[in-house]
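What follows is a set of notes on a single structure, which appears directly below.
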Amino acid sequence: MSIGTPQPEKGTLVGAGQSVYTPTEGPPHHTTEYAGVWRWLTTVDHKLIGIMYLWLALFAAVAGGAMAGGIRAQLAFPDGGLMSPEVFNQLTAMHASFMIFFTIIPAFAGFGNYFVPILIGARDMAFPKMNAFAFWLLIPGIVIMLASFAFGASQAGWTAYPPLSGPQYSPFAGMDMWIFGVHLAGASSILGAINFIVTMTTMRAPGMKWFKMPLFCWATLVTSWMVLVGTPVLAGAITMLLTDRLMGTSFFNPAQGGDPLLYQHLFWFYSHPAVYIMILPGFGMVSHILASHANKRIFGYKGMVYATAFIAVVGFLVWGHHMFSAGMEPWLRVYFSFMSMLVAVPTGIKVFSWLATIWGGSIQFTTSMMFALGFLGLFTIGGISGVFLANVPFDIQVHDTYFVVAHLHYVLFGGSAFTLLAGTYYWFPKMTGRYLSESLGKTIFWLIFIGMNLTFMPMHWLGIAGMARRVYTYREEFTALNQFVSAGYLLMLVGGLLLVGNIFYTLAAKRRTAGPDVWGVNQTQRTLDWETTSPPVPHNFDRIPRVT
Amino acid sequence: MNKADIRNLILIWVGALLLAVLTGWGFLMWAPAMDAPVPVFEAPTTHWVTDPATSVAEQVRRNTAWTITVIFPFLYGPLLTLLYVVWRFGKARNPVPDSVEENVPLEVFWTLIPAVVLVVMAVPSFAVLQYMDRVPELNPGEQDYVVDVTGRQFDWLYSFPKYGVEMVDDGTGDNPLVLPLNQIVLMNGTSSDVNHAWWVPAFGVKFDVIPGRINPAWFRPTKEGFFKGQCAELCGDLHAVMFIHVKVVPEAEFFEWIIEQGGEIPPEEEEFVSNLLGEDVEIPVRREVAHAAAE
Ligand SMILES: [Cu+2]
Ligand SMILES: [Cu+2]
């Protein structure tokens, strides 16, 4: 469906400084084209692929969330006794792997697939078949991951540090399957990244200069570059681990001159940037949502773009902050500490710009906006605890404790997941033509928001007080706080289940009522997603828009 | 946006600054309550915040209070501003939005201020880091104590090479590591299987022990007592119960323990130890060294 260079038609040039397009009139004429299993299995349409990514992410979120439930059930009491230590370690390793590799990254890939071509006024991604291939790589990936439970799933944490993950201490096939699963997810990300970069570089609508591109596209573009630079390094590291396991090499085996620390360097060279890979697209999304719902335009657009790029560059120079206690030269700790603190500057620019965007606005409190505002608060908390972790003397105390678990969930749940929830409510009507229930949505927001804080806030104190992470049992004195944490999980569980139920109900029972400008925000925003029908016609636009 | 909003914004940020100072102070004040059980934890917990037991831990505690003071304005400020925006700029209260899209001086301001604050935070942090990395000079008449620690699935093997003592802390607490009060302890950590980390919260000390590598650390215990720690790097099924137990006692008691463990005192330390333990205690002196010297 790719049409190569878009051909602008005469007469679409209107307005100033914005994109302008006349939406197609009349009832949606595409319903039949979206129907049928075969259509989904063989499609190369970026919108259908995007939706499949989102379904996969939803499935992985439910699976990963269930694993978190197992963890919280075990930890509700100091001697939970619900499961063996082996099973507990499997759950912590697989919860993280599912959430990172199969929920957050694919979910952003899904929104990116669906909306990047639309937002730049293109008819599809640059390489539609590769796009489909990238998605379909994830299916065997997640199947292998799930199946690994039958063969002794990985117990080595999502970080899979050798020697624990090596042949001697993890002598079960589940560990190899974990490596294959991550490999497939990584390959999928790399192909997706190439596709995004080429699409945005070559297929922007006429008149859409770089600095007219919406922030979600910028974020996806920068993220794609990070994937392209970082993911091959992770692939290399886990390949070396795999050959250590299966072919008798000894990259990480000290008994034969290998070095376990080498793995940590390679792993974090990818996995620190991965933090930004998992949050930058969300930054882009909330920029759209905050501005549109405050009935304003984004504050400091260029500053936002530069800050995103700066975060990406510095993000590759700070990996050592995960290894402050692993043993490194004193001056190297100073370097990694300083660079990590530096990340706070562009991140601060973003937070201040969002606040300035909604300051003086006229805010419409939809569920989407509430999740975006919630994100802003929670991400600020996660960012501040991040600055503390960049501070080596403090980091040494809380490294590998629940403080780190608290921090990473404020960033990945309060940050990434909240942007995804905001984006879901924002774009669901565009993707389906149907509105999710707003009143139920607000209930869901409060359940998840309160549950989230109840779960992850006490973890800060647990960590400072000395509760190590990845433990299946803990000392009596931590009981009270752990029970708050487990209670918070229950609130989030109810909220999550209501959301899943609401999505199915809306798709099955509600009628398409959404017009092109779903939230009535296009007067200020003038982004192309609100110029086409809901859902968009298969070719997105009857005429390629001209942006001025 | 009108003048009242600007005034309120300034008030919010002044309030955020004050709150941050208060939080930093409160963090320091947490410590004097250390003899009483800390309410939220239900039982007395020795750790670096409420009960620092080495000079390193004390330094970290003070540095953390400072970090809170300078960084928390950037926690309270945005959160309070966010609450104000939600209250003030809803559609009902503010039907007509302004159209401000940029303000270059403001953007430069909020880029530079955090950068300056980070330096203010970083400099003392690096000083503490240097303190942690550099073993201090010995005072005259003082000696340091070298302990080699080896992490194993799932216990800790300690050895005092100078005294020929080897012992295992199996995690039950029956056989704790014993260290001398107010003396410099040098630890060298390694592992014989997978990665572990030696961590005693009250000491403010944590270092990974990795097979094929030796990671050093130093500290000077400043409080007598019994301290609990645990492994802080996932190392297998029983990682959660790979506990560490350390007993800090006066130097004389430490040597009694060494002798009890079958340790021998090198000849050059015989006088020093007998001064500590009293004339009537018989000191096992290592003879092999003397033989070797004679031959
Ligand atoms: Cu990192
Ligand atoms: Cu361990």
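When reading the values below, keep in mind they use all heavy atoms of this one structure, side chains included, and skip hydrogens, waters and symmetry mates. We name chains A, B, ... by the order of the sequence lines, and we start the count at 1 in each one.
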Side chain from CB out, backbone as N, CA, C, O: work out which of these in B:Q153 comes under 4.5 Å of a heavy atom of chain A, or both, or neither. side chain

Quick one: what part of B:R134 sits under 4.5 Å from any heavy atom of chain A, side chain, backbone, both or neither? neither

Nearest heavy atoms of A:I396 and B:K206, plus distance in Å: O-NZ, 2.9 Å

From A:R297 CZ over to B:S99 OG, what is the distance, rounded to the nearest 0.5 angstrom? 11.0 Å

Quick check on A:N295 against chain B: is it the side chain, the backbone, both or neither that has a heavy atom closer than 4.5 Å? both

If we ignore hydrogens and angles and just use 3.5 Å, is the side chain of B:N195 paired with the main-chain N or O of A:P163 as donor and acceptor? no

So does A:E86 have more than 12 non-hydrogen atoms from other groups sitting under 6.0 Å from CD? yes

Applying side chain to side chain contact (heavy atoms under 4.5 Å, CB included), run through B:E233 and A:S325 and close with a yes or a no. CA-CA 10 Å; B:E233 183 65 61; A:S325 71; 5.8 Å; no

Using non-hydrogen atoms and a 4.5 Å limit, figure out which bit of B:V209 sits close to chain A: side chain, backbone, both or neither. neither

Option in B:P211, B:G212, B:P114, B:G189 with maximal non-hydrogen atom pairs under 4.5 Å from chain A: B:P211

Cut-off 4.5 Å, heavy atoms of chain A, and the answer for B:I214 is neither

Contact origin within B:L75 toward chain A - heavy atom pairs under 4.5 Å: both

Can you confirm whether more than 12 heavy atoms, excluding those of B:W66, are under 6.0 Å from its CH2 atom? no

Which portion of A:P162 sits near chain B, non-hydrogen atoms under 4.5 angstrom: backbone

What part of A:D259 lies closer than 4.5 angstrom to a heavy atom of chain B: side chain, backbone, both or neither? side chain

For A:L373 and B:L82 the tightest heavy-atom approach is O-CD2, 3.6 Å

Side chain, backbone, both or neither: which part of A:S353 has a heavy atom under 4.5 Å from chain B? both

Hey, does the side chain of B:E102 reach the backbone of A:G300 with a donor-acceptor pair shorter than 3.5 angstrom? no

Minimum heavy-atom distance A:P393-B:V60, with the two atoms named: O-CG1, 3.5 Å

Honestly, the part of B:Y131 sitting under 4.5 Å from a heavy atom of chain A is neither

Considering only heavy atoms from C-beta outward, does the side chain of A:V345 approach that of B:L112 to under 4.5 Å? no

What pair of heavy atoms forms the shortest contact from B:V85 to A:W359, and how long is it? CG2-CE3, 3.6 Å

Among A:T357, A:N253, A:I358, which residue has the highest count of heavy-atom pairs closer than 4.5 Å to chain B? A:I358

For side chain to side chain contact (heavy atoms under 4.5 Å, CB included), just list the numbers for B:M132 and A:V392, CA-CA rounded to whole Å, side-chain angles, deciding distance to a tenth of an Å, and then say yes or no. CA-CA 10 Å; B:M132 295 165 84; A:V392 186; 5.8 Å; no

Under 4.5 Å from a heavy atom of chain B, the part of A:A255 involved: neither

Can you check whether B:T67 reaches A:F394 side chain to side chain, under 4.5 Å on heavy atoms? no

By a 4.5 Å heavy-atom criterion (distance strictly below it), what part of A:A356 contacts chain B: side chain, backbone, both, or neither? side chain

Side chain, backbone, both or neither: which part of A:Y472 has a heavy atom under 4.5 Å from chain B? both

4.5 Å side-chain heavy-atom contact, B:I68 and A:F388: yes

Around atom CZ of B:R62, are there more than 12 heavy atoms from other residues, nucleotides or ligands closer than 6.0 Å? no

Relative to chain A, which of B:V96, B:L83, B:N103, B:I113 shows the most heavy atom pairs under 4.5 Å? B:N103

Using heavy-atom distances under 4.5 Å, tell me whether A:H399 contacts chain B through its side chain, its backbone, both, or neither. both

Shortest non-hydrogen contact between A:Q397 and B:P201, atoms and distance: OE1-O, 4.4 Å

Considering non-hydrogen atoms only, spot the tightest contact between B:D133 and A:P330 and give its length. OD2-CB, 3.3 Å

Please classify the contact between B:E101 and chain A as side chain, backbone, both or neither, with a heavy-atom cut-off of under 4.5 Å. both

Is A:Q264 in contact with chain B via its backbone, its side chain, both, or neither, using a 4.5 Å heavy-atom distance? side chain

Do B:V119 and A:M341 have side chains that get closer than 4.5 Å, going by heavy atoms? no

A:S362 (side chain) donor-acceptor with B:P95 (main chain) under 3.5 angstrom: yes

Region of B:E107 in contact with chain A, defined by heavy-atom distances below 4.5 Å: side chain

Here's a test for you: under side-chain contact (heavy atoms from CB on, under 4.5 Å), which of A:R469, A:Q155, A:R470 qualifies with B:L234? A:R470

Let me confirm one number: the CG-CG distance from B:D208 to A:L261, rounded to the nearest 0.5 Å. 8.0 Å

Over 60° means perpendicular and under 30° means parallel, so classify the ring planes of B:W110 and A:F299, tilted if in between. tilted

For B:F109, does the CZ atom have more than 12 heavy-atom neighbours from other residues, nucleotides or ligands under 6.0 Å away? no

Could you measure the distance from the CD1 atom of A:I384 to the OH atom of B:Y76? Nearest 0.5 Å is fine. 10.5 Å

I'd like to check A:S337 versus B:L129 (side-chain heavy atoms, cut-off strictly below 4.5 Å). Are they in contact? no

Contacting moiety of B:F74, where chain A heavy atoms sit under 4.5 Å: both

Under 3.5 Å donor-acceptor, B:N94 side chain and A:G361 backbone: yes

Around A:Y169, counting heavy atoms of other residues, nucleotides and ligands shown, do more than 12 lie under 6.0 Å from its OH? yes

dist B:H196:NE2 -> A:L164:CG (nearest 0.5 Å) comes out at 9.0 Å

Would you check if B:N63 and A:N391 make a side-chain contact, meaning some heavy-atom pair closer than 4.5 Å? yes

May I ask you to test the A:F88-B:D237 pair for a side-chain heavy-atom distance under 4.5 Å? no

Looking at chain A, which one of B:L106, B:I210, B:L238 has the largest number of heavy-atom pairs inside 4.5 Å, strictly under? B:I210

Top contributor to chain B interface from A:Y161, A:F352, A:W331 [non-hydrogen pairs under 4.5 Å]: A:F352

Is it the side chain or the backbone of A:V351 that comes within 4.5 Å of chain B heavy atoms, both, or neither? side chain

Relative to chain B, which segment of A:F338 carries a heavy atom at a distance below 4.5 Å: side chain, backbone, both, or neither? both

Is B:L79 in contact with chain A via its backbone, its side chain, both, or neither, using a 4.5 Å heavy-atom distance? side chain

Donor-acceptor check, side chain of B:N215 to backbone of A:A326, threshold 3.5 angstrom: yes or no? yes

For B:A197, is it the side chain, the backbone, both, or neither that has a heavy atom closer than 4.5 Å to a heavy atom of chain A? neither

